[in-house]
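A quick write-up on the structure given underneath.
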Amino acid sequence: MIVIAFLIIYVNPLIFIIFKVYVKIILSKKMQTTREIPKAYNPGEVEKKWYKYWEDNKLFHSEVDTTKKPYTIVIPPPNITGILHLGHILNNSIQDIYIRYKRMMGFNACWVPGTDHASIATESKVVQYLKTKGIEKDDISREEFLGHCREWQKKYGGIIIEQLRTLGVSCDWERERFTMDDHYYSKVIEAFVDLYKKGYIFKGHRMVNWCPATQSAISDEEVIFQNVNGKLWHFRYPVKDSEEVLVVATTRPETMLGDTGVAVNPEDERYKHLIGKTVILPIVGREIPIFADSYVDKEFGTGVVKITPAHDVNDYEMGKRNNLEVINIFTPQAVTNDNVPEEFRNLDRYTARDKVVKKLEELGLLVKIEDYANKVGYSQRGNVAIEPYLSEQWFMNMDELVKPALEVVKQGKVNFHPEHWVKTYEHWMTGIKDWCISRQLFWGHRIPVWYHKETGEIYCETTPPADVENYVQESDVLDTWASSWLWAQDVFKTKEEQAYYYPTDLLVTGPDIIFFWVARMIMAGMEFMNDIPFKDVYFTSIIRDEKGRKMSKSLGNSPDPIDVIKDYGADALRFTINYIAPLGQDVLFSVDKCEIGRNFANKIWNAGRYLLMNAQKTEVNESLKDKHIDFSDRWILSKLQRTIKEVNTALDKFEINNASKLIYSFIWNDFCDWFIELSKPRLYSQDKEVASSVLTRAFWIYEEMLKLVNPFMPFITEELWQAIKERKDGESICTAQYPVFNEALLDEQAESDIELVQSIVTALRNIRGEMGVPITKPITVILKAENISEDQINAIKSLARVENLTAGKDIDKPNGAASAVVKGCDIFVPLEGIIDIEVEKARIEKELTRLEGLLIGVNKKLSNANFVDKAPIDVVQNEKNKKADWENSIEKLKSILKDLI
RNA sequence: GGGUUCUUAGCUCAGCUGGUUAGAGCGUCUGUUUGACGUACAGAAGGCCAGAGGUUCGAAUCCUCUAGAACCCACCA
């Protein structure tokens with residue numbers, strides 16, 4: 001048989017095609033059987049399959065297209081040394097939500113990915129790595145070292161980018177950038193030259209934050225202050241030609257080797273007579289002046305400050321004011337140099353400290369040691385205490401750059417979410433100091449400055465001088481942030497692209513880099529593009545563990561997102577983290593919270609499975625979509641419209657967790673819990689056309705739902721979107737039209753009709769529960785109601801498993817019935833023989849107490865003349881309605897209770 | 001020292017410009033093989049909205065203070 005078929009196929013291509021179609025039909029039929037749709041959603045394979053499909057079909061690629069409006073995001077480029085952590089998950093899923101949302105709305109969505117060379121962070125890693133290979137950075141040439149860095153970049157730079165793909169991000173990978181790409185590099189250099197020529201960039205000999213680990217200057221922002229339980233040492237400094245001594249207090253005894261003065265407050269009566277005299281600096285023997293400076297706080301310590309101008313910012317300033325000598329006692333490694341007495345030379349600063357203290361103690365000059373909690377600045381990357389250090393560095397004066405950048409945020413051209421970050425931004429921007437942009441490193445953008453060998457003259461251009469042999473190039477590189485501040489503008493390579501995509505629409509980043517990056521990007525945008533870099537900035541929450549502690553490697557409380565994705569699925573992780581992350585507050589995350597997303601995915605999956613199962617028996621027929629519409633259809637359509645509208649509003653306000661909650665609740669509560677149940681009787685109706693129309697409509701609503709969730713959960717929605725209908729090759733939910741709000745479908749009547757049904761059904765279920773009547777046992781219900789439709793009655797019958805339901809205006813209360821009163825309806829469930837009178841009495845009494853409590857409240861309000869006079873009429877009317885309603889219910893319940901006895 | 005934010009059910013949080021019977025999820029308790037889902041369904045219990053004042057007819061919501069928590073900025077040796 002097979003052989004024959006094969007022969008026929010071989011000779012006749014037409015038959016081959018027929019055969020193929022036949023096989024396809026067989027297969028698709030098979031796919032439709034329940035056995036082929038697993039009960040639980042299995043994300044692993046699905047995610048891989050669709051990501052490949054999206055990439056193969058270039059669904060995320062964007063080109064300039066002036067017929068469409070662009071929607072642009074540039075990714076905060078992760079460091080090439082980085083690995084994916086939960087912060088990235090939150091950050092990137094938010095960007096993806098907006099990009100996907102806008103793409104489905106018809107925008108030309110462009111999300112530019114890339115990585116940052118992360119000058120100091122990478123260089124320290126490479127140095128460490130080389131050490132393990134027995135190579136010292138100092139022993140190899142700059143070029144050799146850079147070679148190692150580039151190798152490192154090739155090896156590790158792509159890891160995080162690959163990891164991001166597992167999250168399902170819809171970046172335009174054809175646009176992947178790196179901050180040291182040729183084009184980008186040249187733009188960084190151009191910016192430097194431009195600012196140098198404008199006089200904003202200059203070289204200066206100043207006190208900077210020195211990182212002894214990396215042996216480079218760092219900026220103020222890279223200094224992290226940490227609380228340290230230290231000591232305050234008190235020492236005696238003998239006054240020259242006198243019996244007197246001055247007691248100084250210090251947290252850093254070792255710096256006394258570089259002291260060149262002792263300061264007191266000019267108003268301090270204790271020391272006034274000593275001003276102008278000198279002390280003999282112990283150990284060193286140097287004679288140094290006692291002088292007055294109002295900076296000194298009389299109250300603190302002894303009121304006497306030892307001054308080390310070379311190693312403390314304040315001392316440096318005081319030294320300048322008072323013409324003190326500046327003696328540097330440290331090498332760049334923070335080891336004592338030849339400016340200290342011989343026995344103290346070549347010591348690490350902490351060893352030097354111990355030795356100085358010991359020596360002073362021996363000399364009898366140590367007064368006391370107090371415990372003292374103070375803050376010590378640490379180098380962000382080097383992770384060692386920074387040393388205030390005098391050196392030649394390049395600085396950028398920020399005065400002119402700040403002005404427009406401050407304005408655009410104040411005026412709301414750049415919008416911060418949450419808004420309160422504006423204050424922080426303004427505060428920083430108004431107190432900003434010169435930015436130290438030079439780093440004594442190799443890995444980075446080398447400063448485009450050449451010094452003339454003879455004259456020392458500075459040459460600063462984008463290209464080297466013509467007679468470059470007469471020059472030496474500056475060896476420093478730029479601070480990483482002095483390159484990434486151009487990210488929003490220079491990831492676009494041509495003027496045409498910049499004109500189209502810039503300014504970008506949204507930046508999503510952590511508040512920890514508001515100064516490092518956000519502020520500086522705005523400055524760069526205003527300076528070089530004369531326009532803002534982005535319209536909205538979303539500051540993400542900080543992810544903490546379930547106890548509120550920061551995620552950290554040492555605590556071991558930082559789950560690997562890749563593992564979480566393996567266990568729960570990317571969709572589940574994405575959804576969960578956005579569901580629990582409120583705007584502007586910390587998020588307490590733990591892995592088991594991902595059950596929220598996993599269960600939700602499973603719910604969506606099973607709703608789809610249910611529809612597909614029914615599609616085997618009942619025809620899906622588009623022409624019947626708008627036929628046989630009943631109140632439950634009008635209700636769910638109305639609810640859907642509300643949801644669409646509210647989701648749009650929430651996303652426009654950057655309330656992402658709100659948006660996700662709205663979608664969650666619509667799908668789970670409205671669609672699954674009520675609508676599917678409501679539709680069952682008609683779906684299984686004898687009338688095939690009714691069944692068909694119900695199912696067709698359900699599929700339509702389901703597809704709208706899938707599109708609503710898609711930005712949050714791209715994988716499962718693609719899988720189901722493809723499963724519920726025949727799709728063309730290359731088609732994707734990613735590029736489908738996002739649901740559009742249709743006001744005409746809002747239906748308040750249907751909504752209140754369903755609400756009545758829901759209240760009655762809930763009351764009946766409550767009675768079942770309290771009375772111990774299992775759902776398997778049908779009940780009889782008698783309803784005393786003014787207006788209740790046949791549709792409503794049928795719905796109640798099916799949802800509460802009611803066998804006989806009698807409804808009408810004039811109905812007498814039956815005997816031995818459990819009762820409830822809901823929205824003016826009397827509900828009776830005759831349970832003669834079954835009903836426990838005491839239980840029923842307790843039930844009614846409880847409800848009575850509740851209602852009476854409410855009535856007291858409303859009566860109090862209404863008897864208050866001020867309230868009735870001053871409150872708006874609708875508010876008063878509302879209270880009156882409530883009063884009438886509750887009084888009515890109370891009356892009815894009382895009569896029921898009376899009959900029970 | 002300055003600034004920002006927070007304090008609502010056992011836990012994590014919603015409650016927008018003051019008028020609601022103060023909500024949800026998780027957890028707890030009870031029940032459930034009804035033709036998608038036990039990663040589920042149904043029901044229930046659980047709250048002086050941190051404390052004290054004030055504004056107002058009316059405050060979880062606005063103002064002040066107090067207490068506590070977190071973060072950011074700042075040169076107290």
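Every heavy atom of this structure was used, including side-chain atoms; hydrogens, water molecules and symmetry mates were not. Quick note on labels: first sequence line is chain A, next is B, and so on, each numbered from 1. All values derive from a computational prediction rather than experimental measurement.
The residue among A/F515 and A/H420 whose nearest nucleotide of RNA chain B lies closer to the 5′ end is A/H420. Closest-nucleotide positions on RNA chain B for A/I596 and A/N658 were compared, and the one nearer the 5' end corresponds to A/N658.
A donor and an acceptor atom, one from each side chain of A/D293 and A/N322, are located under 3.5 Å apart. Under 3.5 Å, the side chains of A/K861 and A/S863 contain no donor-acceptor pair of N or O atoms. Between the side chains of A/Y237 and A/D259, at least one donor N or O lies within less than 3.5 Å of an accepting N or O.
Listed nucleotides: B/A42, B/C57, B/C73. Nearest to the side chain of A/R765: B/A42. Between B/U34, B/A77, B/U39, one nucleotide has an atom nearer to the side chain of A/I775 than all others, and that is B/U34. Checking B/G19, B/U12, B/U34 against the side-chain heavy atoms of A/V875 singles out B/G19 as nearest. Side-chain proximity of A/H427 to the nucleotides B/C73, B/U20, B/C41 is greatest for B/C73. When each of B/A42, B/C57, B/A36 is scored by its nearest atom to the side-chain atoms of A/A607, the top-ranked nucleotide is B/A36.
At B/A36, none of the side-chain N or O atoms of A/W668 fall inside 4.0 Å of OP1 or OP2 (strictly under the cut-off). A close approach under 4.0 Å does not occur between any side-chain nitrogen or oxygen of A/K423 and OP1 or OP2 of B/G3. Within the structure, a side-chain polar atom (N or O) of A/K846 is placed less than 4.0 Å from OP1 or OP2 of B/A45. Under 4.0 angstrom from either OP1 or OP2 of B/A36 there lies no side-chain N or O belonging to A/N614. Distances shorter than 4.0 Å separate some side-chain N or O of A/K433 from OP1 or OP2 on B/C75.
If you take atom P in B/U5 and the same atom in B/C76, they sit 24 Å apart, rounded to whole Å. B/C41 and B/G19 have their P atoms separated by 33 Å, with the value rounded to a whole Å. Rounded to whole Å, the C1' atom of B/C57 lies 41 Å from the corresponding atom of B/C71. Comparing B/C11 with B/C75, their P atoms are spaced 40 Å from each other, to the whole Å. Taking atom P on both B/A70 and B/U64, the two are 24 Å apart, rounded to the nearest angstrom. Taking atom C1' on both nucleotides, B/A50 is separated from B/U7 by 6 Å, rounded to a whole Å. Between B/A69 and B/C29, the two P atoms lie 34 Å apart (nearest whole Å). Between B/G53 and B/G58, the two P atoms lie 16 Å apart (nearest whole Å).
In terms of polar N and O atoms assigned as donor or acceptor, the side chain of A/K603 comes within less than 3.5 Å of the base of B/C37 in a complementary pairing. Checked by distance alone, A/Y295 brings a side-chain donor or acceptor within 3.5 Å of a matching partner on the base of B/C75. Taking only distance into account, the side chain of A/E655 never meets the base of B/A14 through a donor-acceptor pair shorter than 3.5 Å.
Salt bridge annotation for A/E845-A/R843: absent, with no cationic side-chain nitrogen under 4.0 angstrom from a carboxylate oxygen. Between A/D434 and A/R206 a salt bridge is recorded (basic side-chain N to carboxylate O distance below 4.0 Å).
If you check every strand for non-hydrogen atoms under 4.0 Å, A/R252 touches nothing. No engagement by A/W233 is indicated, since no non-hydrogen atom pair under 4.0 Å with the nucleic acid exists. As judged by a 4.0 angstrom heavy-atom cut-off over every strand, A/Y372 is placed among residues touching the sugar-phosphate backbone only. Heavy atoms of A/D874 sit nowhere under 4.0 angstrom from any nucleic acid atom. Using a 4.0 Å heavy-atom criterion, one finds that A/K680 contacts the bases of the nucleic acid, with or without backbone contacts as well. Backbone-only engagement by A/T762 is indicated by non-hydrogen atom pairs under 4.0 Å involving sugar-phosphate atoms exclusively. Nucleic acid contact class of A/D297 (heavy atoms, under 4.0 Å, all strands): base. Residue A/V305 is in base contact, counting any heavy-atom pair closer than 4.0 Å across all strands shown. At the heavy-atom level, A/Y664 lies nowhere under 4.0 Å from the strands shown. Looking at heavy-atom distances under 4.0 Å, A/K617 makes no contact with the nucleic acid at all. In this structure, A/P511 reaches neither bases nor backbone, as no heavy-atom distance under 4.0 Å exists between it and the strands shown. In this structure, A/E419 reaches neither bases nor backbone, as no heavy-atom distance under 4.0 Å exists between it and the strands shown. Using a 4.0 Å heavy-atom criterion, one finds that A/V296 contacts the bases of the nucleic acid, with or without backbone contacts as well. When heavy atoms are screened at a 4.0 angstrom cut-off, A/R544 is found touching the sugar-phosphate backbone but no base atom.
The backbone N or O of A/I224 lies less than 3.5 Å from no partner atom in the side chain of A/K375, so there is not a single donor-acceptor pair.
Stacking of the aromatic ring of A/Y684 onto the base of B/G35 is found: the ring centres lie under 5.5 Å apart and the planes are inclined by under 30°.
Across all strands shown, B/U61 forms no Watson-Crick or G-U wobble pair with both distances under 3.5 Å. Applying the Watson-Crick and G-U wobble criteria (two distances, each under 3.5 Å), B/A77 pairs with nothing in any strand.
To the nearest angstrom, P of B/C13 lies 5 Å from CG of A/L588.
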TODO: Start with the C-alpha distance between A/N209 and A/D220, add both sets of side-chain angles, then the distance that settles side-chain hydrogen bond (donor to acceptor under 3.5 Å, both in side chains), and finish with yes or no.
DONE: CA-CA 7 Å; A/N209 306 297; A/D220 294 344; 2.8 Å; yes
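A/F539 and A/F416 have perpendicular rings, their planes meeting at more than 60° on a 0 to 90° scale where under 30° would count as parallel.
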